[in-house]
Number of protein chains: 2
Amino acid sequence: MSIKVFIYDDNEARRDSLKALMELSPELQYAGEGINCLNVIADMQTYFPDVVLMDINMPDADGIVGLKSIKKEFPHIKVLMQTVFDDTDKIFECIRNGASGYILKKDSPQRILQAIQEVYDGGAVMNPGIALKVLGYFQPQKKENPLSGRETQVLELLAEGLSYKMVADKLFLSFNTVNTHIKHIHEKLHVSSLGEAIAFYYKNLHQ
Amino acid sequence: MSIKVFIYDDNEARRDSLKALMELSPELQYAGEGINCLNVIADMQTYFPDVVLMDINMPDADGIVGLKSIKKEFPHIKVLMQTVFDDTDKIFECIRNGASGYILKKDSPQRILQAIQEVYDGGAVMNPGIALKVLGYFQPQKKENPLSGRETQVLELLAEGLSYKMVADKLFLSFNTVNTHIKHIHEKLHVSSLGEAIAFYYKNLHQ
DNA sequence: GTACCCCTCACTAAAATTAGGTATGCTGAG
DNA sequence: CTCAGCATACCTAATTTTAGTGAGGGGTAC
């Protein structure tokens with residue numbers, strides 16, 4: 001039983017070469033193709049592929065639209081994203097939406113076939129450059145924290161949703177002291193409201 | 001110029017086979033080996049490898065200890081973790097500590113050599129099963145959002161640090177309307193302050 | 001020792017947020 | 001049609017946050 005692969009790509013030459021590539025691989029079966037994702041649901045219902053090889057940049061309905069539709073309606077179908085760019089934002093958007101992998105068009109044909117196989121086997125696949133970015137997300141991003149220890153502690157609690165009074169209670173401080181810390185936080189972060197301070201916390205200091 | 005690879009593994013047979021494997025690859029050069037990471041700093045200073053293939057489970061000083069030491073003292077040396085288990089906790093600990101990849105011992109020799117090359121080239125490499133777990137980390141962020149569209153929009157801006165007035169300006173609403181939306185947000189989220197609402201946003205809705 | 005930062009606390013007052021009520025128009029579901 | 005939810009808007013009042021000024025003690029660096 002071979003793996004049925006559906007291809008989305010707006011470039012005909014590329015679709016043809018991918019198709020040819022698959023016809024040379026007994027374990028892969030070309031299931032169909034599309035130039036964009038306008039009819040993605042119908043395509044899936046008609047050809048029921050195991051794996052979709054999805055170009056990102058396509059006119060009218062791009063690969064991310066297609067990915068979302070497929071994972072919403074047919075979550076069992078694996079979607080392998082493929083693009084010429086390694087745009088960080090798009091990578092993470094695809095990952096959040098359930099893509100099983102992210103490879104580049106410059107990757108070798110052998111690697112692409114291998115990726116399809118691995119995705120079909122339930123794994124995930126990333127181009128090494130992509131993987132680096134994804135792993136980089138976990139690296140402790142040590143932004144400069146201009147706040148003192150106590151100030152950081154106060155901001156952490158505020159970011160949890162506590163009011164000034166609750167922070168004072170929790171840290172066994174007077175409200176006035178908490179107030180002072182917060183004034184210093186505002187000065188150091190160049191902000192002037194609780195919301196801005198919390199936004200700074202989650203963007204720069206959290207975990 | 002071939003890639004100098006240092007191997008840590010407590011299993012002699014495995015070290016030997018990896019060594020043999022490398023001697024068959026002109027682009028890879030065996031630089032040395034260790035049965036644990038007790039002398040990791042000295043090893044690096046003596047053999048200055050480009051890539052370290054690091055077993056995780058070793059007696060006395062394991063691969064994670066070694067990884068941390070290497071990345072602290074020689075951050076330019078790439079470390080490729082290798083283990084028999086795909087233990088989720090260890091995976092993330094390695095990633096946080098700067099590992100360039102995570103592969104399994106059952107991966108094919110060809111794949112291991114390929115991984116070393118890709119790590120050396122500045123990429124990151126993961127076994128497909130590992131990659132699936134890593135990508136899965138990004139998934140769970142789809143909590144139900146009980147807020148209406150406009151309410152969500154208001155909360156997004158508040159979470160960016162804007163005041164009620166600024167939100168009103170930005171959305172071309174009256175302050176009163178923004179106020180009403182926020183009251184509804186408080187009711188729906190079961191919170192009673194801006195801080196709590198923003199905390200909810202960053203924990204459940206953001207991204 | 002002096003200067004600087006941190007942590008603590010107090011008082012005051014202005015500004016913003018929270019909370020209550022009320023109201024209109026629109027839309028979609030039953 | 002009716003009801004519910006949404007988006008819009010206004011008013012009032014209590015509460016909280018923001019901001020200013022001042023101050024004592026502890027620690028450290030020069």
Side-chain angles (χ1 to χ4, degrees), chain A residues 41 65 68-69 72-73 140 142-207, chain B residues 141-207:
Chain A
I41 298 301
V65 169
K68 290 178 182 172
S69 298
K72 183 177 176 189
E73 300 297 328
K142 42 177 175 158
K143 283 277 178 66
E144 271 316 305
N145 180 359
L147 304 181
S148 72
R150 203 58 155 165
E151 287 158 0
T152 303
Q153 204 176 6
V154 168
L155 182 54
E156 279 170 5
L157 293 175
L158 290 175
E160 284 297 313
L162 278 67
S163 71
Y164 291 14
K165 283 183 184 173
M166 293 162 80
V167 172
D169 269 10
K170 191 140 193 166
L171 299 181
F172 303 107
L173 296 175
S174 84
F175 170 79
N176 296 298
T177 301
V178 172
N179 196 338
T180 301
H181 284 312
I182 289 163
K183 281 185 292 188
H184 292 158
I185 291 171
H186 286 164
E187 287 166 9
K188 290 180 179 176
L189 299 186
H190 307 294
V191 303
S192 60
S193 74
L194 179 61
E196 282 181 280
I198 296 181
F200 181 92
Y201 172 79
Y202 278 107
K203 290 183 175 176
N204 301 315
L205 304 179
H206 191 49
Q207 48 157 332
Chain B
Q141 289 146 341
K142 46 176 190 167
K143 283 275 178 66
E144 273 314 306
N145 179 359
L147 304 181
S148 70
R150 204 57 156 165
E151 287 158 0
T152 303
Q153 205 175 6
V154 167
L155 182 53
E156 277 170 6
L157 293 175
L158 290 175
E160 285 297 312
L162 278 68
S163 71
Y164 291 15
K165 282 182 185 174
M166 292 161 79
V167 172
D169 268 10
K170 190 141 194 167
L171 298 181
F172 303 106
L173 297 175
S174 82
F175 170 81
N176 296 298
T177 302
V178 172
N179 196 334
T180 301
H181 284 312
I182 289 162
K183 282 187 291 190
H184 293 157
I185 291 171
H186 286 163
E187 288 165 7
K188 290 180 179 176
L189 300 185
H190 308 294
V191 303
S192 60
S193 74
L194 178 61
E196 282 181 280
I198 295 181
F200 180 93
Y201 172 79
Y202 277 107
K203 289 183 176 176
N204 301 316
L205 304 180
H206 191 238
Q207 302 281 10

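Keep in mind the model is a prediction, meaning the values are calculated, not measured. Order of the sequence lines sets the chain letters (A, B, ...), proteins ahead of strands, with each chain counted from 1. Hydrogens, waters and symmetry mates are skipped; everything else that's a heavy atom, side chains included, is used.
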Quiz prompt | salt bridge (Lys or Arg N to Asp or Glu O under 4.0 Å) pairs, two or more places apart, involving residues 145-163 of chain A | solution = A:E151-A:K188, A:E160-B:K203
Exercise. Side-chain contact test, heavy atoms from C-beta onward, threshold under 4.5 Å: evaluate it for A:L189 versus A:L155 and give yes or no.
Key: yes
Practice problem: Could you check if a side-chain atom of B:E196 sits within less than 4.5 angstrom of a side-chain atom of B:S192, using non-hydrogen atoms only? | Solution: yes
Exercise. For A:H186 and C:dA15, give me the distance from atom NE2 to atom P, rounded to whole Å.
Key: 17 Å
Practice problem: Specify the separation, in whole Å, of atom CD1 of B:I182 and atom P of D:dT16. | Solution: 17 Å
Can you tabulate the close N/O pairs, meaning under 3.5 Å, that link protein atoms to atoms of nucleotides 26-30 of chain D?
none

Quiz prompt | Close side-chain approach of B:V154 and B:L171, heavy atoms under 4.5 Å | solution = yes
Quiz item: Got a sec, which pairs hit salt bridge (Lys or Arg N to Asp or Glu O under 4.0 Å) with one end in residues 168-182 of chain B, sequence neighbours left out?
Solution: none
Quiz item: If every non-hydrogen atom of A:I185 is compared with every non-hydrogen atom of A:A197, which pair is closest and at what distance?
Solution: CG2-CB, 4.5 Å
Quiz prompt | Interatomic distance, A:L158 CG vs D:dT17 C1' [rounded to whole Å] | solution = 11 Å
Quiz item: Can you tell me how far C1' of D:dT17 sits from CD1 of A:I185, to the nearest Å?
Solution: 13 Å
Quiz item: Where does the angle between the aromatic ring planes of B:Y202 and A:Y202 fall among parallel (under 30°), tilted (30 to 60°) and perpendicular (over 60°)?
Solution: parallel
Quiz item: What is the distance, rounded to the nearest whole Å, between atom CG of A:N179 and atom P of D:dG20?
Solution: 12 Å
Quiz item: Between A:I182 and A:V167, does a side chain to side chain contact (heavy atoms under 4.5 Å, CB included) hold up when you go through it step by step?
Solution: CA-CA 11 Å; A:I182 289 163; A:V167 172; over 6 Å; no
Quiz item: Considering all heavy atoms of both residues, which atom of A:A159 and which atom of B:A199 are nearest to each other, and what is their separation?
Solution: O-CB, 3.1 Å
Quiz prompt | Residues touching DNA chain D, which here means a heavy atom under 4.0 Å, drawn from residues 189-198 of chain B | solution = none
Quiz prompt | hbond_proxy A:K183 side chain to D:dT17 base (donor-acceptor, 3.5 Å cutoff) | solution = no
Quiz item: Who are the side-chain hydrogen bond (donor to acceptor under 3.5 Å, both in side chains) partners of B:T177, not counting sequence neighbours?
Solution: B:S174
Collect all protein-nucleotide pairs involving nucleotides 6-9 of chain C in which both atoms are nitrogen or oxygen and the distance is under 3.5 Å.
| residue | atom | partner | partner atom | Å |
| --- | --- | --- | --- | --- |
| C:dC6 | OP2 | A:K188 | NZ | 3.4 |
| C:dC7 | OP1 | A:R150 | N | 3.1 |
| C:dC7 | OP2 | A:S148 | OG | 2.1 |
| C:dT8 | OP1 | A:R150 | NE | 3.1 |
| C:dT8 | OP1 | A:R150 | NH2 | 2.8 |
| C:dT8 | OP2 | A:R150 | NE | 2.8 |
| C:dT8 | OP2 | A:H181 | NE2 | 2.9 |
| C:dC9 | OP2 | A:S174 | N | 2.9 |
| C:dC9 | OP2 | A:T177 | OG1 | 2.9 |
| C:dC9 | O5' | A:T177 | OG1 | 3.2 |
| C:dC9 | N4 | A:T180 | OG1 | 2.8 |

Quiz prompt | Atom-to-atom span, CD of A:E187 to P of C:dC4 - whole angstrom | solution = 16 Å
Quiz item: What's the shortest heavy-atom distance between A:G161 and B:S193, and which atoms?
Solution: O-OG, 3.7 Å
